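First up is the structure itself, then whatever we jot down about it.
Residues: numbered from 1 along the sequence shown. Small disclaimer: the values here were computed from a predicted structure and weren't measured.
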Amino acid sequence: MSNENEVLFDKGKHKDSKLKVERKEGEPTPAFIGASWAALLVGVAAYLIGLFNASMQLNEKGYYFSVLIFGLYAAVSLQKAVRDKDEGIPVTNIYYGISWLALIIAISLMGIGLYNAGSIDLSEKGFYGMSFVLSLFAAITVQKNIRDTQRARERD
C-alpha cells in the first residue's frame with residue numbers, strides 16, 4: 001500500500017459503503033491505543049485528585065507525587081531497555097540493571113510509604129496503590145504503542 005493513511009471503500013455484501021483505514025503490520029489498533037491512553041490518564045488523574053484532596057501534610061503529598069513520577073519514568077525506561085535488548089539494539093548491562101533497580105525502588109517506596117502511613121485509611125492506601133499500578137502499566141503500554149506505530153511506519 002502506498003499511503004499510510006490510505007482509505008479503502010468496501011462495497012461488498014452491503015448496500016452502504018464502509019470506510020476502513022488500512023493499518024500497517026505490527027501497528028496497534030486505534031481502540032488499543034485509545035484504551036492505553038485512557039488508562040494512563042485515568043490512573044494519573046485519579047492518583048493526583050486523591051493526592052490533592054488528601055488531608056496529609058504537603059511534604060507527604062510531595063513524597064507520593066515524586067514516587068509516581070519516578071515510577072512512571074522507571075517503567076518506561078525499563079520497557080525501552082527490555083525491548084531494545086530483545087530487538088538486538090545494544091543496551092549496556094549497567095543501564096539495564098539500573099532500569100530494573102529504579103522500578104523496584106519506585107514500587108518499594110510506594111509500598112513502604114503506604115504501609116507506614118498511619119494517617120491514611122486502608123481504603124485510601126488501596127486506592128493509591130491501585131492507581132499507581134494502573135499508571136505504571138498504562139505508561140508501559142503507551143510507550144509500546146508509540147514504538148510499535150513508529151516501527152510499522154518506518155518499514156514502508
(request) Could you go through the side chain to side chain contact (heavy atoms under 4.5 Å, CB included) check for T141 and F32 one step at a time? (result) CA-CA 9 Å; T141 308; F32 187 66; 3.5 Å; yes
(request) Determine, using the 4.5 Å side-chain heavy-atom cutoff (strictly less than), whether L101 and Y95 are members of one ILVMFWY cluster. (result) yes
(request) Working to the nearest 0.5 Å, report the span between CZ of F137 and CD of Q79. (result) 11.0 Å
(message) Could you measure the distance from the CG atom of L48 to the OG atom of S131? Nearest 0.5 Å is fine.
(response) 8.5 Å
(request) Give me the ring orientation class for Y47 and F132: parallel if the planes are under 30° apart, tilted from 30 to 60°, perpendicular past 60°. (result) tilted
(request) Considering non-hydrogen atoms only, spot the tightest contact between S135 and L68 and give its length. (result) CB-CD1, 4.1 Å
(request) May I ask you to check whether over 12 heavy atoms, not counting those of Y96, lie within 6.0 Å of atom OH? (result) yes
(message) Assigning hydrophobic clusters by single linkage (Ile, Leu, Val, Met, Phe, Trp, Tyr; side-chain heavy-atom cutoff under 4.5 Å), is V67 placed with M130?
(response) no
(message) Is there a path of hydrophobic side-chain contacts, each under 4.5 Å between heavy atoms of I/L/V/M/F/W/Y residues, joining L134 to L41?
(response) no
(message) Applying salt bridge (charged side-chain N to carboxylate O under 4.0 Å, His left out) as the test, list every pair that has at least one member in residues 87-113; sequence neighbours left out.
(response) R83-E87, E87-R147, E87-R151
(message) Is the shortest side-chain heavy-atom distance between I33 and T29 below 4.5 Å?
(response) no
(request) Answer yes or no: is there a donor N or O on one side and an acceptor on the other, between the side chain of D86 and the main chain of V82, under 3.5 Å? (result) no
(message) Is there a side-chain contact between E27 and D148 in this structure, where contact means two heavy atoms from C-beta onward sitting under 4.5 Å apart?
(response) no
(request) State, to 0.1 Å, how close S36 and N145 come at their nearest heavy-atom pair, and which atoms those are. (result) OG-ND2, 3.0 Å
(message) Just verifying a value: how many Å separate S77 OG and F70 CZ, rounded to the nearest 0.5 Å?
(response) 9.5 Å
(request) Side-chain contact test, heavy atoms from C-beta onward, threshold under 4.5 Å: evaluate it for V76 versus K144 and give yes or no. (result) no
(request) State the CG-CZ distance between L122 and F127, to the nearest 0.5 angstrom. (result) 14.0 Å
(message) How close do Y63 and L109 get, counting heavy atoms only, and between which atoms?
(response) OH-O, 2.7 Å
(message) Determine whether E154 and T149 satisfy the following criterion, side chain to side chain contact (heavy atoms under 4.5 Å, CB included), listing intermediate values before the conclusion.
(response) CA-CA 9 Å; E154 287 174 354; T149 300; over 6 Å; no
(message) Testing the basics here: between L72 and A139, what is the closest heavy-atom pair and its distance to 0.1 Å?
(response) CD2-CB, 3.8 Å
(request) Could you tell me the separation between the CE atom of M110 and the OH atom of Y128, rounded to the nearest 0.5 Å? (result) 9.0 Å
(request) Give the cluster check for I98 versus I140: same hydrophobic cluster or not, with ILVMFWY residues linked at side-chain heavy-atom distances below 4.5 Å. (result) no
(request) For the pair S99 (side chain) and A81 (backbone), establish whether a donor and an acceptor sit closer than 3.5 Å, ignoring hydrogens and angles. (result) no
(request) For the pair F52 and K61, evaluate side chain to side chain contact (heavy atoms under 4.5 Å, CB included) and give the outcome as yes or no after the intermediate values. (result) CA-CA 8 Å; F52 179 77; K61 290 181 179 185; 5.6 Å; no
(request) Rounded to the nearest 0.5 Å, what's the gap from CG on D84 to OG1 on T92? Could you check? (result) 10.5 Å
(message) According to a hydrophobic-cluster definition based on side-chain heavy atoms being under 4.5 Å apart (Ile, Leu, Val, Met, Phe, Trp, Tyr only), do Y73 and Y64 belong together?
(response) no
(request) Start with the C-alpha distance between K125 and Y115, add both sets of side-chain angles, then the distance that settles side chain to side chain contact (heavy atoms under 4.5 Å, CB included), and finish with yes or no. (result) CA-CA 8 Å; K125 290 179 182 183; Y115 179 79; 5.9 Å; no
(message) Around atom CD1 of I94, are there more than 12 heavy atoms from other residues, nucleotides or ligands closer than 6.0 Å?
(response) no
